[in-house]
Novice: 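Pasting in a structure now, in structure tokens, and then I'll have a few things to ask.
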Amino acid sequence: MREEITFDFSGSFSGAYRDIPLRTSESIDAVGVEEGATRYSPGGATELGGYGAPGTFGVTRVDNRLRIVWHYAATNERRTFVVSYRFLGLAVAYDDVVDVNLRVWGDQWPTGLADLNATMELPATTELSPSYRVWGSPSWVRGVVTRRPNRALLRAALIPAHQFVELRVVFPRTMLSSTAGAQVRGGNGLEEIVGQERASQRSYEHDRQRIDDAKRHIGRTTLYLLLLGLGPALALIGYVGRIYGRERKTGYDREYEQAPPSDVEPALVPPLLRQGTQPGSNEFTATLFDLIRRGRYKATPVTTERSLWGGLRHEDVADLQVTRGDESVELTSFERPVVMVIDSVVGDEGERLSEFRERIELHRDANSVRFTNFKKDVASAIDGRKWYLGGGRYVLATAGVALGAVGALLLWIGIEGFRAAAPRWGDVVMIALGGCAVANAAMLLLATRATRLWRRRSTAGQTEAERWEAFRRYLTDFPRLREAPPATLELWERYLVYGIAFGIAERVLQGAHLHMPQDLHEQSTIYWITPTGDLGSGPTALAIGDLSSGFGSALAPPSSAGSGGFGGGFSGGGGGGGGGGGGGAW
């Protein structure tokens, strides 16, 4: 072997190397390096990037390849080096022919090559017969091969980085005087070799035809990809929704519940009805009013002057002065963060409810943390009641992770083997299937966020939800119902507390305006009289919806900033040649 490698140096360089892969039964000896009339001396350093005396070279074995390193001094110039060696075990001698399949340019070179010329000298002159054949590969490299009586020629141009080029020459066994240095295999080899090259060419052409067909019928291809990329996930989501997400009937058939069906706290009921665990500002506000109802805080009706039209007009609106009450009232875990927020607002002197929002915003960082703790504690309380069965989530998550892993593996295999110049159908299919698997995995993992798909209520939870839903319907329809109104103040106040939690406080106030006796109202700490004397109507600073939304914004975290093998063009995919490898310089 004799390689003439020309480097165009831009800058200062002092070393270069060649890595040559070695397969089983292959070895290399008699290594030499020359430059013009200068023969480099052996014994040079073999460390890449290291320093060695100019004019020296070294040889070392690195894993399954031989490394040749030589040293020089070059600055902004063109230099041609000749690397020579004897390659033992590359040629394969059959009974009829000798097969020399050599990778004359390896896929480890990090740079492209403008021009490649390779010549193989035959042992003797021979006729251009069917037993003397030449192939160049792979097909997607721009190149030609030529047979001559005494040599085989290959020329290729514009070879991209990391692209190998092979020259395969088959000639009659009778041309050899000795098989020393060659692998000897019994039987004839020509027919098998020709079959390999033809199969390689057919495979390349078949791959190209299938890819072209997929591109020509883009609609069909897109449909297949959509079916593969969405179909399995949708089918599994549908199955999980049917088995794990569909609520079971309990036999409950009442339209209305005229009183709260149980003692479940107002912060827990709305999440139960929407099959969730996270409360919001309505639940926070309802908890505040429930604490007032239970005596933890005292509320005294007052009036507040409100400015209108840029100060041109003023009016008195109803308000509540909130102060601390009985601090021995037993609190749940999720009520404690609410108490911490309200205590920081009312202090020792108390505060009007209309001022709560601004006072909360003064300590937004601390109060947003308390609000977050309130939501977490509500979620924990709901989990503790075992209202939900969520086995479907694990099915979706497990399938999503498994499909993601399979998709990543398929993508890695497809991308690793992908040839941009001549894609193989198998690599394209691997990449497509990998992408579809990842798409299915992403959809399944996103589906785990849609709790109604994979979670349903337990029997106890469903029964509780149906009764509370009937109570919510009653509060919604209450103003127009002709049924007997509540007779006790406690029930009226619980109506308002749960109405706030449901977001229908105005409907409850309307019903109270129509049906609540005046003497009960005068005893209440959470209903109020407007300056006009009407119950829950007229101008008021206590519009519950505004109050809840104000709490929500105030408690939010602050924002942050070939032709038959006789000669001609390249054919087949190649890939079976020995040698090759790559190299570089520093």
Side-chain angles (χ1 to χ4, degrees), residues 1-6 20 23 25-32 34 80 82-106 115-139 141-157 159 164-198 200-201 562-572 574 576-580:
M1 299 293 304
R2 178 181 173 87
E3 300 179 357
E4 295 183 3
I5 308 173
T6 299
I20 307 170
R23 300 175 296 192
S25 303
E26 293 179 345
S27 63
I28 289 177
D29 63 10
V31 177
E34 306 172 22
T80 299
V82 178
V83 179
S84 59
Y85 52 93
R86 186 169 61 175
F87 207 143
L88 304 174
L90 175 69
V92 180
Y94 295 92
D95 291 345
D96 56 343
V97 294
V98 177
D99 180 20
V100 181
N101 193 357
L102 176 64
R103 188 165 289 192
V104 294
W105 185 255
D115 191 46
L116 172 67
N117 292 278
T119 302
M120 178 178 167
E121 299 286 345
L122 298 181
T125 301
T126 185
E127 297 179 353
L128 302 182
S129 64
S131 59
Y132 170 29
R133 300 182 180 233
V134 181
W135 291 274
S137 60
S139 299
V141 171
R142 182 182 302 177
V144 294
V145 292
T146 305
R147 290 186 307 164
R148 293 185 180 173
N150 60 344
R151 65 174 61 91
L153 307 174
L154 174 146
R155 181 170 184 179
I159 302 167
F164 70 87
V165 179
E166 286 180 356
L167 170 63
R168 188 173 195 177
V169 181
V170 175
F171 56 87
R173 165 76 176 268
T174 56
M175 296 176 63
L176 288 185
S177 59
S178 170
T179 56
Q183 299 182 50
V184 179
R185 297 179 185 175
N188 294 330
L190 179 61
E191 183 177 352
E192 179 182 353
I193 294 169
V194 172
Q196 292 173 358
E197 291 296 327
R198 288 176 176 171
S200 178
Q201 180 65 19
S563 57
F566 289 97
F570 280 24
S571 65

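Just so it is clear, the model here is predicted, and its values are computed rather than measured.
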Novice: Just verifying a value: how many Å separate E166 CD and L154 CG, rounded to the nearest 0.5 Å?
Specialist: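 Reported value, rounded in 0.5 Å steps: 10.5 Å.
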Novice: For a 4.5 angstrom cut-off between non-hydrogen side-chain atoms, does R133 reach V169?
Specialist: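 No, every pair of side-chain atoms sits at 4.5 Å or beyond.
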Novice: Would you say the side chain of Y132 lies within less than 4.5 Å of the side chain of V97, judging by non-hydrogen atoms?
Specialist: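 Result no, sub-4.5 Å side-chain heavy-atom pair not found.
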Novice: What are the two closest heavy atoms between P149 and L128, and how far apart are they?
Specialist: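 Closest approach of P149 to L128, heavy atoms only: N-CD2, 4.1 Å.
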Novice: Quick one: does F87's side chain get under 4.5 Å of I20's, heavy atoms only?
Specialist: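 Yes. Closest side-chain heavy atoms under 4.5 Å.
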Novice: Surrounding CZ of R23 (heavy atoms of other residues, nucleotides or ligands, distance under 6.0 Å), is the total greater than 12?
Specialist: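 Atom CZ in R23 is crowded, with more than 12 foreign heavy atoms closer than 6.0 Å.
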Novice: With side chain to side chain donor-acceptor pair (under 3.5 Å) as the test, pick out the partner of D99 among Q183, Q196, R168.
Specialist: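 Testing D99 for a side chain to side chain donor-acceptor pair (under 3.5 Å) against Q183, Q196, R168 leaves exactly one candidate, R168.
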Novice: Indicate the atoms forming the closest heavy-atom contact of P123 with L176, along with that distance.
Specialist: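 For P123 versus L176, the nearest heavy atoms are CG-CD2, 3.9 Å.
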Novice: Find out whether I159 and L116 are in side-chain contact, i.e. whether some heavy atom of one side chain is under 4.5 Å from a heavy atom of the other.
Specialist: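 Of all side-chain heavy-atom pairs linking L116 with I159, at least one is under 4.5 Å.
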Novice: Mind checking whether T119 and E121 have side chains closer than 4.5 Å, heavy atoms only?
Specialist: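 Yes - at least one pair of side-chain heavy atoms lies under 4.5 Å apart.
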Novice: Among V31, L102, V83, exactly one meets side chain to side chain contact (heavy atoms under 4.5 Å, CB included) together with M1. Which residue is that?
Specialist: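 Testing M1 for a side chain to side chain contact (heavy atoms under 4.5 Å, CB included) against V31, L102, V83 leaves exactly one candidate, L102.
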Novice: Under the side chain to side chain contact (heavy atoms under 4.5 Å, CB included) test, which residues partner A182, sequence neighbours left out?
Specialist: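 Applying side chain to side chain contact (heavy atoms under 4.5 Å, CB included) to A182 gives A91.
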Novice: If you round to the nearest 0.5 Å, how far is CZ of R2 from OH of Y85?
Specialist: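 So the OH of Y85 and the CZ of R2 are separated by 12.5 Å.
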Novice: Could you please spell out the steps behind the side-chain hydrogen bond (donor to acceptor under 3.5 Å, both in side chains) verdict for E34 and S84?
Specialist: CA-CA 8 Å; E34 306 172 22; S84 59; 4.7 Å; no
Novice: Just by modelled atom types, is the A180 backbone N or O under 3.5 Å from a matching donor or acceptor in the S178 side chain?
Specialist: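 Yes, the answer is positive, given that a donor and an acceptor are paired below the 3.5 Å cut-off.
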Novice: Can you name the nearest heavy-atom pair linking V134 to A152, along with the distance?
Specialist: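 That closest heavy-atom pairing would be CG2-CB, 3.7 Å.
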Novice: Any Lys/Arg nitrogen of R185 or D95 sitting under 4.0 Å from an Asp/Glu carboxylate oxygen of the other?
Specialist: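 Result for this pair is no, no salt bridge flagged.
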Novice: For residues V98 and V170, determine if any side-chain heavy atom of one lies less than 4.5 Å from a side-chain heavy atom of the other.
Specialist: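 When only atoms from C-beta onward are counted, V170 and V98 do not touch, as no gap falls below 4.5 Å.
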Novice: With side chains defined as the heavy atoms from C-beta onward, is the minimum distance between L153 and R155 less than 4.5 Å?
Specialist: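 Contact flag for L153/R155 side chains = no.
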Novice: Quick check with a 6.0 Å cut-off and a 45 degree axis cone: is R173 positioned over the face of Y94's six-membered ring?
Specialist: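 Because its charged atom misses either the 6.0 Å distance or the 45° angle limit, R173 does not stack over Y94.
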Novice: Could you tell me if the side chain of W135 sits less than 4.5 Å from the side chain of V194, heavy atoms only?
Specialist: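 Yes, close enough: below the 4.5 Å cut-off.
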Novice: Please report the closest heavy-atom contact between A93 and T179, naming both atoms and the distance.
Specialist: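 So the minimum-distance heavy-atom pair works out to CB-CG2, 4.1 Å.
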Novice: Roughly how far, to the nearest 0.5 Å, is the OG atom of S25 from the CG atom of L88?
Specialist: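 Nearest 0.5 Å value for the CG-OG distance: 11.0 Å.
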Novice: Rounded to the nearest 0.5 Å, what separation is found between the CG atom of N101 and the CD atom of E197?
Specialist: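 CD of E197 is found 7.0 Å from CG of N101.
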Novice: Looking at every heavy atom in both V104 and A118, which two are closest together, and how far apart are they?
Specialist: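 Shortest heavy-atom contact: CG1-CB, 4.0 Å.
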Novice: How close do P138 and V165 get, heavy atom to heavy atom, and via which atoms?
Specialist: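 Closest approach of P138 to V165: CD-CA, 4.4 Å.
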